[in-house]
Amino acid sequence: MQLSFPRQYHLRTKSEFKSIFDKSNRISQKHLLILFKQNQKEYSRLGVIVGKRVAKKAIARNRIRRIVKESFRLNQEKLLGWDIIVIARQQCDTLNKPTLRKGIDDLWQKLQNQYRGCLFQ
RNA sequence: AGAGUUGGCCGAGACAGUCGCUGUUUCAAUUUUUUGAAUCAGAGGAAAGUCCGGGCUCCAUAGGGCGAGAUGCCAGGUAAUGCCUGGGAAGCGAAAGCUUACGGAAAGUGCUACAGAAAAUAAACUACCAGAGAGAUUUGGCAAAGGUGAAAAGGUGCGGUAAGAGCGCACCGCGCAGCUGGUAACAGACGCGGCAUAGUAAACCCCAUCUGGAGCAAGACCAAAUAGGAGCUUAUGGUAAACAGCGUCGUUAUAGCUGGGUUACCCAGUGUGGCCCACACUUAAGCUCGGGUAGGUUGCUUGAGGUAUUUGGUGACAAAUAUCCUAGAUAAAUGACUGUCCACGACAGAACCCGGCUUAUUGGCUGACUCUACCU
């Protein structure tokens, strides 16, 4: 399977985000929070939110966003059929790259374990 | 060699491989449009702060005034500037060089703590000198000496005097007039005046010059659903009259029923309003129209552009010729992993585009100049 992450796999419009915010399940960590919802599609879609309160400098926000996207790209075969929003929490920018990466990977694992049943219904 | 001054350039460190993202071009498939393959391109010197100046877009605008803000030695450069270049003045440094919010204090108002007699309309505390008085003291002259302060009504010297004083003279400073040099700011020498306006305008203020407002979420185009708007068509309350049809033909009276919606009358609510009058509006369905939300397209990158050479200019810069095309995302692309090398990687991410300023920063390369020491 190809591990690509083209434009259609992104969550893009305001209404898409809003529908997930309105009714979704959540898993949280100290530094990250994910909201997710089934989407009746053969692929998953991802949106990343890194607010200015989390990291003041644009380059730090970009760094977090890229690490999350890269992790999603490599793990997407485990996560078919979900719309997911990842929200960075405060002091997320203090983490170095490997720990942040590990944190996200753990979240994917949790999501998979918790809702494995739903996928096969 | 050391110490120092001042310009310029480079800067996701470089190379290779694997996976991934955005766009251009070409080819193939596909109804649009999307997909696939190949190819090329893909953050900065500050992209930052948003502090100035322009372009561009929309709105406003006859002309002028008031107000507000900015700028403030002179000349030049520029699309323009509060920027840059050259020059002047003042200050700092041994020098190279650096710094300067550098118009006006005799238009007016205010402020000048503490100290001091006095901080500016009449200057005078201690002194000094003269007169009066036995004396305490008092009247007058004077601004040299004292002390205070950031600053005390020109400075130094000589003359002069009762004591003194620009009172007089010389030099310095200051002011004024013409002259010379300079485009000018300004400088220079000379002459005259006879000392007058203490400082503060990043205090109000005055003078001169400049400034319309908002910004790419500007603006332009396409445009679903829902609600609302405009127009057209159709349907739509009650009573009476007239009309048409049906119907009855018995008591032969024009009774009753139906239809169209022609005419007249009646009925309620809402809005404007304190109330009356008055005026306007009113229900349903369909079609059409324009505005417009979500969403999409555009603006969007060829430009006061870069590079090289020549010419003009002290320089900022300008002109000519040749040549190059170098990000265009939009919940927002430029990343991850592995290996090798070294200087061991700082500050930091385009969002309409340029010119500046300011701030952040690991380092590297390089030009020019000054001083000190030594050698030749």
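All of these numbers come straight from a predicted model, not from anything done at the bench.
- When the C1' atom is used for both B:rG356 and B:rA214, the distance is 24 Å, rounded to whole Å.
- One finds the CD1 atom of A:Ile84 at 6.0 Å from the CD1 atom of A:Ile34 (value rounded to the nearest 0.5 Å).
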Please walk me through it: do A:Arg89 and A:Val54 pass side-chain contact (heavy atoms from CB on, under 4.5 Å)? CA-CA 6 Å; A:Arg89 293 179 147 177; A:Val54 176; 5.8 Å; no
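- Taking a pair to require two hydrogen-bonding distances under 3.5 Å in either a Watson-Crick or a G-U wobble arrangement, B:rA145 pairs with B:rU126.
- The separation between A:Arg63 atom CZ and B:rA336 atom C1' is 13 Å, rounded to whole Å.
- A 3.5 Å limit on both hydrogen-bonding distances identifies B:rA29 as the Watson-Crick or G-U partner of B:rU34.
- Glycosidic torsion of B:rU301 falls within 90° of 0, placing the base in syn.
- Classification of B:rG49 as anti follows from a glycosidic angle more than 90° from 0.
- To the nearest 0.5 Å, atom CZ of residue A:Arg73 and atom CG of residue A:Leu46 are 12.5 Å apart.
- Atom CD1 of residue A:Ile49 and atom CG of residue A:Leu35 lie 7.5 Å apart, to the nearest 0.5 angstrom.
- Base orientation at B:rG178 is anti, since its O4'-C1' glycosidic dihedral falls outside 90° of 0.
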Quick one: do A:Val86 and A:Leu32 satisfy side-chain contact (heavy atoms from CB on, under 4.5 Å)? Show the steps, please.
-> CA-CA 7 Å; A:Val86 178; A:Leu32 293 166; 4.1 Å; yes
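- Rounded to the nearest Å, the gap between the C1' atom of B:rA327 and that of B:rU334 is 9 Å.
- A gap of 15 Å separates the C1' atoms of B:rA220 and B:rC352, to the nearest Å.
- Rounding to whole angstrom units, CZ of residue A:Arg45 and P of B:rA332 are separated by 12 Å.
- Put simply, CG on A:Leu74 is 13 Å from P on B:rC19, counting in whole angstrom units.
- Of all nucleotides present, only B:rG335 satisfies the Watson-Crick or G-U wobble test against B:rC19, with each distance under 3.5 Å.
- Taking the side chain of A:Lys69 as heavy atoms from C-beta on, and the options B:rG20, B:rA332, B:rA336, the nearest nucleotide is B:rA332.
- Across the protein-nucleic acid pair, A:Arg61 atom CZ and B:rA333 atom C1' stand 16 Å apart, rounded to whole Å.
- Distance CD1/A:Ile67 to CG/A:Asn62: 11.0 Å, rounded to 0.5 Å.
- Distance check: A:Ile104 CD1 to A:Glu70 CD gives 10.5 Å after rounding to the nearest 0.5 Å.
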Identify all pairs in which a protein N or O lies below 3.5 Å from an N or O of nucleotides 346-352 of chain B, and state each distance.
residue : atom : partner : partner atom : Å
B:rA348 : OP1  : A:Lys57 : NZ           : 2.5
B:rA348 : O5'  : A:Lys57 : NZ           : 3.2
B:rG349 : OP2  : A:Ala58 : N            : 3.4
B:rG349 : OP2  : A:Ile59 : N            : 3.2
B:rG349 : N7   : A:Asn62 : ND2          : 3.3
B:rG349 : O6   : A:Arg66 : NH1          : 3.2

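- Figure legend. B:rG229 is base-paired to B:rC289; pairs are counted as Watson-Crick or G-U wobble with both atom distances under 3.5 Å.
- Distance check on atom C1': B:rA348 versus B:rG13 gives 16 Å, rounded to whole Å.
- For the atom pair CD (A:Gln29) and NZ (A:Lys110), the distance works out to 6.0 Å, reported to the nearest 0.5 Å.
- For A:Phe72 and B:rA336, the CZ to P distance is 19 Å, given to the nearest whole Å.
- Remark: the separation of the C1' atoms in B:rG44 and B:rG65 is 50 Å, to the nearest Å.
- In a base pair of the Watson-Crick type (N1 to N3 plus N6-O4 or O6-N4) or a G-U wobble (N1-O2 and O6-N3), with each distance short of 3.5 Å, B:rU263 is matched with B:rA240.
- With a cut-off of 3.5 Å on both pairing distances, the Watson-Crick or G-U wobble partner of B:rU307 is B:rA322.
- For the pair A:Arg73 CZ and B:rG20 C1', the computed distance is 4 Å after rounding to whole Å.
- Annotation: B:rG110 and B:rU121 have their P atoms spaced 10 Å apart (nearest Å).
- Closest-nucleotide positions on RNA chain B for A:Glu70 and A:Val48 were compared, and the one nearer the 5' end corresponds to A:Val48.
- For B:rG295 and B:rA223, the C1' atoms lie 8 Å apart once the distance is rounded to whole Å.
- For A:Arg45, the salt bridge (Lys or Arg N to Asp or Glu O under 4.0 Å) partners are A:Glu16, A:Asp83, not counting sequence neighbours.
- Look at CD1 on A:Ile67: it is 9 Å from P on B:rC337, rounded to the nearest Å.
- In this entry the base of B:rA43 is syn relative to its sugar, with a glycosidic angle within 90° of 0.
- Across the strands present, B:rC167 finds its partner in B:rG159; the criterion is a Watson-Crick or G-U wobble pair with both atom distances under 3.5 angstrom.
- Judged by Watson-Crick or G-U wobble contacts below 3.5 Å, the nucleotide B:rG82 has no partner.
- Nucleotides B:rA151 and B:rG116 are separated by 13 Å at their C1' atoms, to the nearest Å.
- The nearest whole Å value for the distance from the CZ atom in A:Arg65 to the P atom in B:rC21 is 18 Å.
- No option in A:Leu107, A:Asp105, A:Leu100 other than A:Asp105 meets the side-chain contact (heavy atoms from CB on, under 4.5 Å) test with A:Ser71.
- For B:rU326, the glycosidic angle deviates from 0 by 90° or less, giving a syn base.
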